[in-house]
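Report on the following structure.
Letters A, B, ... mirror the listed sequences (proteins, then strands); counts begin at 1.
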Amino acid sequence: MSRQVLPLFDNLHRGVLSCLTSAKSSLLHVCQAHAHILKVGIIYDTVLSSRLLALYSNHQCFAEAQLVLHSIPEPSVLSFANLIYALTRSNLLALSLDVFSQMLSHDIWPEYRILPNIINACGGLSALETGKQVHGIVFRSGLDSDYFVQGSLVNMYVKCGEIRDARKVFDRLPQRHVVSCSALISAYARKGCADETMRLFNEMKDFGVKPNLITWNGVLSGFNQSGHCREAVVMFQKMHSEGFQPDDTTLSSILSAVGDLEELNIGIQAHCCVIKQGLGQERYIRSALVDMYGKCACALELSQAFDELDEKDIGACNALITGLSRNGAIYLALKVFEQFRVEGMELNVVSWTAIIAGCTQNGKDIQALELFREMQSAGLKPNSVTIPCLLPACGNIAALMHGKAAHCFVLRTGIADDHHVGSALIDMYAKCGRIHMSRLCFDKMPTKNLVCWNAILGGYAMHGKTKEAKEIFDLMQRAGHKPNIISFCCILSACSHSGLVEEGWSYFNSMTKEHGIEAKMEHYASMVNLLGRAAKPEEAYALIKQMPFEPNACVWGALLGSCRLHNNVGLGEIAAKKLFELEPENPGNYVLLSNIYASKAMWTEVDAVRDIMINRGLKKNPGCSWIEIKNKVHMLLAGDKSHREMPQILEKLNELSMEMKKVGYCPETDFVLQNVEEQDKEQMLGEHSEKLAVAYGLLNTSPGSPLQVIKNLRICRDCHAFMKSISSLEEREIFVWDTNRFHHFKDGICSCGDFW
DNA sequence: GTAGGGTTAG
């Protein structure tokens, strides 16, 4: 293309010139100037073209800027620099790298001002390979001693997660600087390297570099993100004592950390700072306050903080739902959730997951299943977080069909390898009585973490499959997983179901000796349970007396339970006395003691315990069972006359009992609370909820199909004998999960071998 | 013109 000289006498040309030389030209003027240039077909010299390019770049018209760039016959480093700078500022990082590579292909070598932009672009894109290539260019161009270039390199490696390379560049810096220090410190904190973070933080001061607000904020947010909330709070207090005023960033981090620690007092302290700094209107802060009060179990403050939000975005709504559920205010959470839906709020998968989790955690399992269905009708797709929130609901009420449906969903959406999903499936199948399915899910997982191993271990323990539990316990260690406190709870519980006293002791002792884990309350409770059930209540009591801390109600409850099993009055009284102090409102303890007395015909004592219960206004917890029939879960209460089909259920039970008596079943009535007539006792037993559930199941399912029942109390001896008898008489497999363990009745025998 | 920091489900 030929090159012409601009006729200086032309007014229009003069206008074009002045437009291109003024940095403040409006976009309209720039476009007019460009149009004129194109119209008259003049190619300006490099300087003027670069001006046009710079103006387009400043106005963020990158397509036009690139067009101009391509039209410059001999672009300079400055032409590219303008565009690269503008692109990086607009966060168009990939484009910026693209222009950089165009520059290199023109054989133009970068100058020091371009490089930090380019290096930052690599960091922002986490483009480590490109970043390393640029690092090479930095070396070859001899610009590696430029201070800003070095600083950006530190940051680039940090952003790409290559903290070691970042450190290498950092260590070669001729002098420490607050910016590079801050970048590296926050990276250490984000990675959870608390020691490294603190070392560098203290070193900074030794080198005479003062931490600024950004340094503190980096440490706080880093610790917060890596779950080192305690460290974050400590640093917040240190910061406070060193006289630094926190800003909105500091406070949103610290509020989040405080929430996770459930440290309300520090939360209130941080809230005071918010007010003092006049930051109460900041969006992030307000959301963080909602989150903090939600986690610190302050339903009132939570609702207040939420009401004060100007803009109730989805995040805040979700925090409110979660917070209320977590505080046990599930009815309020459900009400709020419904309100959001009525108001047409666009709830997302997080909102639905939160309310489902809330239901599962607050005993609203049936509602959780309903919400899961509604969620899908509302067009939302559950994810790998939703499923593990839902599955416990299936397990809690033995809703096997719902659990299987969720499993199908998992397989269809390809989230089966997720550790949370996998362990929730293992647990669900175990609770629904399908331990072989648990094992199948476990075996199918390509990688397993400790939670997965504990899930299958717990499943075997629940089913009393001690041999398998022991195998898993060995295998997990061979696979390189150290058993934790939960693993030991499971293995001890497995031992207790089989009365393995020696092995129980051996596992218990190995905790401290071989694994360096101090035995906690639940381990002592397990051991007491194991010894008590194995008819060694004196040994159990001796262990309680040796405990290094005060035993709680679980421990004494285990002792009382085993005393009931072996009708040991002396120790039973000791345990009950403690329990009446520790949990005076729990009717179960009174019932157990009363049953022990009744078994020895100590009717005066029975009456005395009954009187205490009456005086304290306590009633026996009603027995309650759940059974799933045709995808619907039914609840049956002992002695519930209001159930629509109760007459048919009782008739069926009566019929069964007659049949069973013919083949030798004899009701076991010794445990009944009162000294009542034999026939009445039999009737009371007949109305135990698990029997009602099984009768209901028999009436409403096809012959031969298995039944699964969940019970809120421990199954009684009579019901156990009843189930065994039914399983052979009606040729049905019956799964009963009580508060203690799993019973699988088949062909007249139970998987627990009558030891439970 | 050139480097660092923030909230929301298991």
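An OP1 or OP2 oxygen of B/dG5 is reached within less than 4.0 angstrom by no side-chain nitrogen or oxygen of A/Ser186. The phosphate of B/dG4 has OP1 or OP2 within less than 4.0 Å of a side-chain N or O from A/Asn155. Between B/dG10 and A/Gln361, no contact under 4.0 Å exists linking OP1 or OP2 to a side-chain N or O. In terms of phosphate contacts, A/Asn383 brings no side-chain nitrogen or oxygen within less than 4.0 Å of OP1 or OP2 of B/dA9. Considering only side-chain N and O atoms, A/Lys159 lies nowhere under 4.0 angstrom from the phosphate OP1 or OP2 of B/dA3.
When heavy atoms are screened at a 4.0 angstrom cut-off, A/Ala319 is found touching no nucleic acid atom at all. Among the heavy atoms of the strands, none lies under 4.0 Å from A/Asn318. The residue A/Ser384 sits close to a base: some heavy atom pair falls under 4.0 Å. Here A/Ser180 lies in heavy-atom contact (under 4.0 Å) with a base. Nucleic acid contact class of A/Glu111 (heavy atoms, under 4.0 Å, all strands): none. Within 4.0 Å (heavy atoms only), A/Asp247 reaches at least one base atom of the nucleic acid. Contact annotation for A/Val158: no contact, since no heavy-atom pair falls under 4.0 Å across all strands. Residue A/Asn120 is in sugar-phosphate contact alone, with no base atom involved, counting any heavy-atom pair closer than 4.0 Å across all strands shown. Using a 4.0 Å heavy-atom criterion, one finds that A/Asp248 contacts the bases of the nucleic acid, with or without backbone contacts as well. When heavy atoms are screened at a 4.0 angstrom cut-off, A/Ala81 is found touching base atoms of the nucleic acid.
Side-chain proximity of A/Ile214 to B/dG4, B/dG6, B/dG10: nearest is B/dG4. In the set B/dT2, B/dA9, B/dG6, B/dT2 carries the atom at the smallest distance from any side-chain atom of A/Phe148. Relative to the side chain of A/Val178, the nucleotides B/dT2, B/dG4, B/dA9 differ in distance, and B/dG4 lies closest. Each of B/dG1, B/dG10, B/dG6 was ranked by its minimum atom distance to the side chain of A/Asp418; first place goes to B/dG10.
Rounded to whole angstrom, the span from the CE atom of A/Met204 across to the P atom of B/dG4 amounts to 15 Å. In this structure, CG of A/Leu213 is placed 12 Å from C1' of B/dG6, rounded to the nearest angstrom. Summarising the geometry, the separation between NE2 on A/His177 and C1' on B/dT2 is reported as 12 Å, rounded to the nearest angstrom. In this entry the distance linking CG of A/Leu450 with P of B/dG10 reads 20 Å, nearest Å. Here the P atom of nucleotide B/dG4 and the OH atom of A/Tyr147 are 14 Å apart, to the nearest Å. With rounding to whole Å, A/Ile118 atom CD1 is found 13 Å from B/dA3 atom P. Spacing between atom CZ of A/Phe80 and atom P of B/dT2 amounts to 22 Å, rounded to whole angstrom units. Here the C1' atom of nucleotide B/dT2 and the CE atom of A/Met156 are 16 Å apart, to the nearest Å.
A donor-acceptor distance shorter than 3.5 angstrom exists from the side chain of A/Asn484 to the backbone of A/Ile486, with no hydrogens or angles considered. A donor-acceptor pair is defined here as one N or O able to donate and one able to accept, closer than 3.5 Å; such a pair exists between the side chain of A/Ser325 and the backbone of A/Ile321.
Under 3.5 Å, the side chain of A/Asn212 and the base of B/dG4 form at least one donor-acceptor pair of N or O atoms. Residue A/Ser287 places a side-chain atom within donor-acceptor reach of the base of B/dT7, judged by atom type and a 3.5 Å distance cut-off alone.
A donor-acceptor pair shorter than 3.5 Å can be found between the side chains of A/Asn212 and A/Thr215. No hydrogens or angles considered: a donor-acceptor pair under 3.5 Å links the side chains of A/Asn383 and A/Thr386. Between A/Asp260 and A/Asn224, the side chains place no donor N or O within less than 3.5 Å of an acceptor N or O (distance only, hydrogens not considered). One side chain, A/Ser79 or A/Ser76, offers a donor N or O that lies under 3.5 Å from an acceptor on the other.
Nearest heavy-atom pair across A/Tyr112 and A/Val149 is O-CG2, 4.1 Å.
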